[in-house]
Amino acid sequence: MTPELSIILPAKNEAKGLQKLLPELQEKFPDAEIVVVNDGSTDNSEEVCLASGVNIVSHRQSKGNGGAVKAGARAATGRILIFMDADGQHKPDDVPRLLEVLANGHDMVVGARSRGSQASIGRGVANAFYNWFATRMTGQTIPDLTSGFRAVIASKFREFIYLLPNGFSYPTTSTMAFFSAGYSVEYLPIVAGARKGKSHIRPIKDGIRFLIIILKVATLYSPLKIFVPVSGLMFLSGVSYYLYTYLTAGRFTNMGALLLITSVLIFLIGLVSEQITTLIYRDT
């Protein structure tokens, strides 16, 4: 019998968290399918999973958090997927709350962490910037872009599985893709606990990756949201430079002309990109 709910836990060296989390999930959700993706762990994570009797997908070499999520989504058979961290930050008691909101007609529900749930002040500031930037790109309010705790309709999540990177950016990519495709995404406030073990996120490298993914997905679904601001900036630069040279030298320079022409070219490229995007997704 196909389960209604599949709970997916990407795990790399999370034996300590799994020892506590798995029995709790099995007790609270006896009918759910639990899939742990052991992403190249060097501790006894695999032994903990085998002892618990949950489904396990093992990667002999680490493929990254996103790679583990994709493997779990492919292996899961439930109509609804729950993604949780295996490090103890996400509470099983919040799963029914996510499912309740999802049942109201949404396609994905994300657990939005409170400010006190951020691992550090620096991480909180970075996440606030990502949230603001993604909100500007999608035109939708995004209170927590990088939360990995979410419930989603499996069939719709798999539509974008090819877009998901192997690193720590699957929440960013899936959220941006859902919003850009016009699916309904809701946020549910949660309080995340302290993680057990060491975080695998690299702030600078993964932070730059988050920004690139926001731009990538926005360009993929709505190119003008990227090209128009850049074109406008170049146009304002050209006009400002023209006014400066006119007032100081009484002439219109080649640099001013170059800036204005570049702004027009960027806008036209964005317009063509928008038409291509419309043609690509006209049947979806």
Side-chain angles (χ1 to χ4, degrees), residues 6-19 21-22 25 33-78 80-90 108 110-111 119 123 126-127 130 145-152 154-178 192 195-217 220:
S6 293
I7 301 175
I8 300 171
L9 305 167
K12 181 179 180 181
N13 297 328
E14 302 289 2
K16 187 175 181 181
L18 290 170
Q19 285 176 338
L21 182 60
L22 291 180
L25 288 174
E33 174 188 48
I34 300 176
V35 180
V36 178
V37 182
N38 176 35
D39 190 40
S41 296
T42 55
D43 62 0
N44 63 328
S45 293
E46 187 170 9
E47 288 77 7
V48 171
C49 295
L50 292 173
S52 297
V54 300
N55 296 344
I56 181 171
V57 178
S58 288
H59 295 164
R60 295 308 163 194
Q61 294 180 332
S62 177
K63 297 181 180 180
N65 179 260
V69 164
K70 289 187 284 187
R74 293 189 182 105
T77 59
I80 297 173
L81 306 179
I82 294 286
F83 294 101
M84 300 179 65
D85 290 349
D87 55 20
Q89 291 190 81
H90 302 149
M108 180 164 66
V110 181
R123 182 81 62 83
N127 285 340
Y130 301 142
L145 181 66
T146 60
S147 172
F149 189 26
R150 53 192 61 206
V152 61
S155 59
K156 294 182 178 179
F157 183 83
R158 293 191 180 102
E159 290 180 23
F160 307 106
I161 203 168
Y162 72 96
L163 285 175
L164 304 183
N166 286 339
F168 279 96
S169 305
Y170 106 83
T172 302
T173 306
S174 59
T175 299
M176 294 285 294
F178 265 64
R195 86 180 315 277
K196 296 177 175 63
K198 183 180 178 181
S199 174
H200 303 294
I201 292 180
R202 295 158 294 185
I204 296 178
K205 185 174 182 179
D206 288 316
I208 294 174
R209 182 176 298 161
F210 290 153
L211 290 177
I212 291 175
I213 283 172
I214 293 171
L215 294 172
K216 173 184 173 182
V217 178
L220 184 63

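Since the model is a prediction, treat every value here as computed from it, not as a measurement.
- With rounding to the nearest 0.5 angstrom, the CG atom of Leu145 is 9.0 Å from the OG1 atom of Thr173.
- Residues forming a side chain to side chain donor-acceptor pair (under 3.5 Å) with Ser147 (at least two apart in sequence, or on another chain): none.
- Take Phe83 and apply the ring pair (Phe, Tyr, Trp, His ring centres under 6.0 Å) test, not counting sequence neighbours, and it matches Phe157, Tyr170.
- Judged as a salt bridge (Lys or Arg N to Asp or Glu O under 4.0 Å), and not counting sequence neighbours, Glu159 has no contacts.
- At least one side-chain heavy atom of Arg150 sits less than 4.5 Å from a side-chain heavy atom of Pro171.
- Residues satisfying the side chain to side chain contact (heavy atoms under 4.5 Å, CB included) criterion with Lys70, sequence neighbours excluded, are Arg74, Ile161, Leu164, Asn166.
- With contacts defined as side-chain heavy-atom distances shorter than 4.5 Å, the pair Val69/Ile8 does not qualify.
- The shortest heavy-atom contact between Ala15 and Asp43 is N-OD2, 3.2 Å.
- Residues satisfying the side chain to side chain donor-acceptor pair (under 3.5 Å) test with Ser155, not counting sequence neighbours, are none.
- The shortest heavy-atom contact between Ser45 and Asn38 is CB-OD1, 4.0 Å.
- Scanning all heavy atoms of the two residues, the minimum distance from Cys49 to Leu18 falls at SG-CD1, 3.9 Å.
- The minimum heavy-atom distance linking Ile34 with Leu22 is given by the pair CG2-CD2, 4.1 Å.
- Pairing each heavy atom of Val37 with each of Ala68, the nearest pair is CG2-O, 3.3 Å.
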### Message
I'd like to know whether Leu25 forms a side-chain contact (heavy atoms from CB on, under 4.5 Å) with Met84, so could you lay out the CA-CA distance, the side-chain angles of the two residues, the decisive distance to 0.1 Å, and finally the verdict.
### Response
CA-CA 11 Å; Leu25 288 174; Met84 300 179 65; 4.1 Å; yes
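- Considering only heavy atoms from C-beta on, Leu9 stays 4.5 Å or farther from Glu14 through its side chain.
- The shortest distance between side-chain heavy atoms of Pro10 and Asp39 does not fall below 4.5 Å.
- Shortest non-hydrogen contact noted between Gly67 and His59 is O-CE1, 3.9 Å.
- By the side chain to side chain donor-acceptor pair (under 3.5 Å) test, Asn55 is found to be paired with Glu33, residues two or more places apart in sequence or in another chain being considered.
- Lys156 has its side chain out of reach of Met108: every pair of non-hydrogen atoms, C-beta onward, lies at least 4.5 Å apart.
- Panel note: side chain Asp85, backbone Asp87; no donor-acceptor pair is recorded below 3.5 Å.
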